[in-house]
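The structure appears below as structure tokens.
The chains referred to below are lettered A, B, ... by the order of the sequence lines, with proteins before strands, and numbering in each begins at 1.
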Number of protein chains: 2
Amino acid sequence: MTAPLHKARPAGAGRALPDTQQGMRRRNLARVMHTVSAAGTLSRAAVASRIGLTRAAVSTLVEELIRTGLLEELGPERPGRVGRPGSALAVSGRGPAGIGAEVGVDHLAVCAVDLRGEVRSTATRHGTNRGRAVQPVVDELRELVRGVVAEAERAGLWPAGLAVAVPGLVARDARTVVRAPNLDWRDTDLTGLLDVPFPLSVGNEANFGALAELWLGEGTPRDFLHVSAEIGIGAAVVVDGGLLHGTRGFAGELGHVPVRPDGPECPCGSRGCLEQYAGEEAVLRAAGLGPGADRVGLLAERAAAGDADVRRALRDAGTALGVALTGAVNLLDPESVVLGGALAALAPWLLPSLESELDRRTAGPACPVAVSRLGSEGPLLGAAHSVVRAVLDDPGVVAERGEPRMGPGSSL
Amino acid sequence: MTAPLHKARPAGAGRALPDTQQGMRRRNLARVMHTVSAAGTLSRAAVASRIGLTRAAVSTLVEELIRTGLLEELGPERPGRVGRPGSALAVSGRGPAGIGAEVGVDHLAVCAVDLRGEVRSTATRHGTNRGRAVQPVVDELRELVRGVVAEAERAGLWPAGLAVAVPGLVARDARTVVRAPNLDWRDTDLTGLLDVPFPLSVGNEANFGALAELWLGEGTPRDFLHVSAEIGIGAAVVVDGGLLHGTRGFAGELGHVPVRPDGPECPCGSRGCLEQYAGEEAVLRAAGLGPGADRVGLLAERAAAGDADVRRALRDAGTALGVALTGAVNLLDPESVVLGGALAALAPWLLPSLESELDRRTAGPACPVAVSRLGSEGPLLGAAHSVVRAVLDDPGVVAERGEPRMGPGSSL
DNA sequence: ACTAATTTGTAAAGCGCCATGACGAAATAG
DNA sequence: CTATTTCGTCATGGCGCTTTACAAATTAGT
């Protein structure tokens, strides 16, 4: 018989739902939703045996979920086994929808995702947002949201919330963009500017990308490190299926991990930060390329064509990434490292040096490095899905046809 | 209205206690215990208002906790206010006890802590364990435990579990010492060797030290990085009041974070690891001192006496620590960094360079660095308290006079 | 001193939620 | 065509918290 060192959090502290019968009911509603969602289609009896409740209890839970439009009854299952066939249940495709939005440096994008995880409506607008004032960008975004919501509503969905991914630091209240250097945003509270008739949350692009990987990626573990590079280099730390935010919400600043303490100066005030070796600007300079549009695509193209300078630049960037990741892996012992965002597109030329560096420097079995298949879609999908997950995690509130319960910033 | 990016874990997954009425009851028992424990002395009505249950419900919970010996009724409170005075409740000083043990390189120590957190019995044995076979060390430890348990029992306590702190890597099952270089232990399962008639868990010394800091330190936040150095340099990552273990239980290997990628070779296979600059051996060498007994004390003594070589060595070690911590702080955004173990004793000479390095390298407000006041007592106290916390976290099992519920390794 | 007000702890009744056990319904196996 | 198995539901019951009521013990006010 063994004892855990200690459980994550003391019982009774920071609990999402109170320990009352109502709270229990709501948690069980959530368990039913998650179970059906994970299986796609499931009978009441199957749900009951999976979550450990009785068929009778599940029946009443399902009845409530169907009544509130979160589950659908598809009818009798194809019986392959003996006994009365169950009635197939599925997550409803006509209930609440999660609206995701992305404010990129060069585009705006919005999408609606239903509870099943299907993308039901999208809208995109290209054109740089660098150097523009905040208000016009927000106005454009609001128009895109309006259109996507309208289309979703025509499909029988209703918006349960909006999550906005931005390329910058977001405070823990999930409302304020503390700073987004490439948009020139600073201390911008989007709730005031982009007022929508449903709950709004704001999050870092890389974090949403990691969540997308967690929720949508196949075989993605519950503990991993997601690294993505757009302009800066950001990492998201996923621990036990949840994002590690840090005290101020700034966790994951991999770009400013020191790689060589006496290296070149970095605008952040330090020297030899990872960004000085593997940041977009540094790589372009090392590759002998100037700034311009779609530089990542250009890098990939030249590298594929065999350009020696570009390949060397990417190889060196991979080495620097490997050094920084060695530190991160030693500290966090993740199950894997996932390269997302622009790094995914450049992975073929980054990986060899990155992995060899990581292997050389870590004792024992090396931490596997995977490449995201979501690519640039990650942040947008992650944002939309974060709203969907909020509904799945607490269907009770939607049951009252209010909006999903939304407290202040997550505590993990 | 704002939405969290996402809550730590999906509802219904990885829950410690099942979502049944019994589970609810047990969680509420735990909430009562934690509330009384935190306040020291509290009336039923005060508990009720703090945890949000009614007085009637708390009455029945308290009745059960008193009946099982976890709470005591101290009698009427001194009334300072109008109204009938409450009856003071306190955590029992004669119930279950947590037994903590520490296998150090140069000593063995055992102690018993009651639910109130008081140390009720201790035993220590000095003498090196380096190079000895496992069995004789374990036999000695068992004798110490036997003595401490006997004394605790004479005081009306009974052992609820034993937690052993070891200077090495422990697998996530909290049973197996994967390797402890300075003891020459490898894949050692202590449950088999040290068989005791109550639950046993094993943990890393630095981790227990961090937990002690979390539970016993004043003003210690729920998110911090605890750094300690005995032979190697270990860090413990505390997130939201729980330890981050990592996939294999190896999280916190700060000693092998690269400081200078081309630095001196490290036995781990990498180059320029932090240990090559701030490890005990490296510091002694830089200070011009050879190996010997109580080398940390010697360093502190010489540094206090003004020895320039020693001071320089410690200053340089502080700088290297600062570089490694910059990476960790950027990645985790902790509320503070706490120096424990040997680092606490040497803090006066490490801190200046460490803090200046950290300040220089982090943008925005720097992460405060604190020094542990627990010092070398930390790991032992943390181990004993981990058992106590397990009881407080689930008093329901003790109520059945079984041992505290103990699943496999913690999930965070 | 005596009454009014306030607060505490407990007891009885009630309600919500899940478990238990029984039943009809719908399929397969022989 | 019957026996068996499984599914979904209903009635009943247990358990846990809330509500309501009340006695006990204190302070405040006259």
Side-chain angles (χ1 to χ4, degrees), chain A residues 12 15 17-32 36 39 41-67 71-89 395-396 399-400, chain B residues 12 15 17-32 36 39 41-67 71-89 395-396 399-400:
Chain A
R15 178 165 297 287
L17 255 25
D19 258 321
T20 64
Q21 286 180 320
Q22 286 85 348
M24 188 172 84
R25 176 81 176 172
R26 278 163 73 157
R27 283 190 297 269
N28 281 333
L29 288 171
R31 294 211 294 167
V32 172
V36 174
T41 252
L42 222 51
S43 69
R44 290 170 176 77
V47 172
S49 76
R50 291 195 194 195
I51 67 180
L53 295 180
T54 61
R55 298 199 307 273
V58 170
S59 264
T60 72
L61 291 165
V62 165
E63 191 272 332
E64 180 172 344
L65 290 169
I66 289 179
R67 185 165 43 76
L71 284 184
E72 267 177 28
E73 185 127 34
L74 298 183
E77 284 175 330
R78 282 252 159 278
R81 304 171 305 279
V82 59
R84 168 178 167 179
S87 180
L89 301 169
E400 300 152 13
Chain B
R15 176 164 299 285
L17 257 23
D19 259 321
T20 64
Q21 286 178 322
Q22 286 87 346
M24 187 173 86
R25 177 80 177 173
R26 280 162 73 157
R27 284 190 296 270
N28 280 334
L29 287 171
R31 295 211 294 167
V32 171
V36 174
T41 253
L42 221 52
S43 71
R44 290 169 176 76
V47 172
S49 76
R50 292 196 192 195
I51 67 180
L53 296 179
T54 61
R55 298 199 308 273
V58 170
S59 264
T60 73
L61 291 164
V62 165
E63 191 272 331
E64 181 172 344
L65 291 169
I66 289 179
R67 185 166 42 75
L71 283 185
E72 269 176 27
E73 186 127 36
L74 298 183
E77 284 174 332
R78 282 250 159 279
R81 304 172 305 278
V82 61
R84 167 180 168 178
S87 180
L89 300 169
E400 302 151 12

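- Between R78(B) atom CZ and dT7(C) atom C1' there is a gap of 18 Å when expressed in whole angstrom units.
- Atom CD of E77(B) and atom C1' of dT6(C) are 15 Å apart (whole Å).
- Across all non-hydrogen atoms, the minimal contact from S43(A) to G86(A) is CB-CA, 3.9 Å.
- Following rounding to the nearest Å, R44(B) (CZ) and dA24(D) (P) show an atom-to-atom distance of 17 Å.
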Nucleotide N/O to protein N/O under 3.5 Å, stretch nucleotides 16-20 of chain D:
| residue | atom | partner | partner atom | Å |
| --- | --- | --- | --- | --- |
| dG16(D) | N2 | Q21(A) | OE1 | 3.2 |
| dC17(D) | OP1 | N28(B) | ND2 | 2.7 |
| dC17(D) | OP2 | R25(B) | NH1 | 2.6 |
| dT18(D) | OP2 | T54(B) | N | 3.0 |
| dT18(D) | OP2 | T54(B) | OG1 | 2.9 |

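- Within the 4.5 Å cutoff, side-chain heavy atoms of V36(A) are placed close to those of L71(A).
- Note that CZ of R78(A) and OG1 of T41(A) are 13.0 Å apart. Values are rounded to the nearest 0.5 Å.
- Side-chain atoms of E73(A) and V62(A), non-hydrogen and from C-beta on, never get closer than 4.5 Å to each other.
- Between the CZ atom of R26(A) and the C1' atom of dC18(C) there is a distance of 18 Å, given to the nearest Å.
- Taking atom CZ on R31(A) and atom C1' on dC18(C), their separation rounds to 12 Å, with Å as the unit.
- Taking atom CG of residue L74(A) and atom C1' of nucleotide dG8(D), one finds them 16 Å apart after rounding to whole Å.
- Contact check for R25(A) versus Q21(A): no side-chain heavy atoms found under the 4.5 Å cut-off.
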Protein-nucleotides 27-30 of chain C N/O pairs closer than 3.5 Å?
none

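- To the nearest 0.5 angstrom, R26(B) atom CZ is 16.0 Å from R31(B) atom CZ.
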With a 3.5 Å cut-off and sequence neighbours excluded, list the donor-acceptor pairs that the side chains of residues 49-58 of chain A form with protein atoms.
| residue | atom | partner | partner atom | Å |
| --- | --- | --- | --- | --- |
| S49(A) | OG | A46(A) | O | 3.1 |
| T54(A) | OG1 | A57(A) | N | 3.2 |

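- Looking at D19(A) and M24(A), their side chains never come closer than 4.5 Å, going by heavy atoms from C-beta outward.
- Between E63(A) and R44(A), none of the side-chain N atoms (NZ, or NE/NH1/NH2) sits under 4.0 Å from a carboxylate O, so this pair counts as no salt bridge.
- At the phosphate of dT9(D), OP1 or OP2 sits under 4.0 Å from a side-chain N or O atom of S59(A).
- Atom CD in E73(A) sits roughly 12 Å away from atom C1' in dT9(D) (whole-Å rounding).
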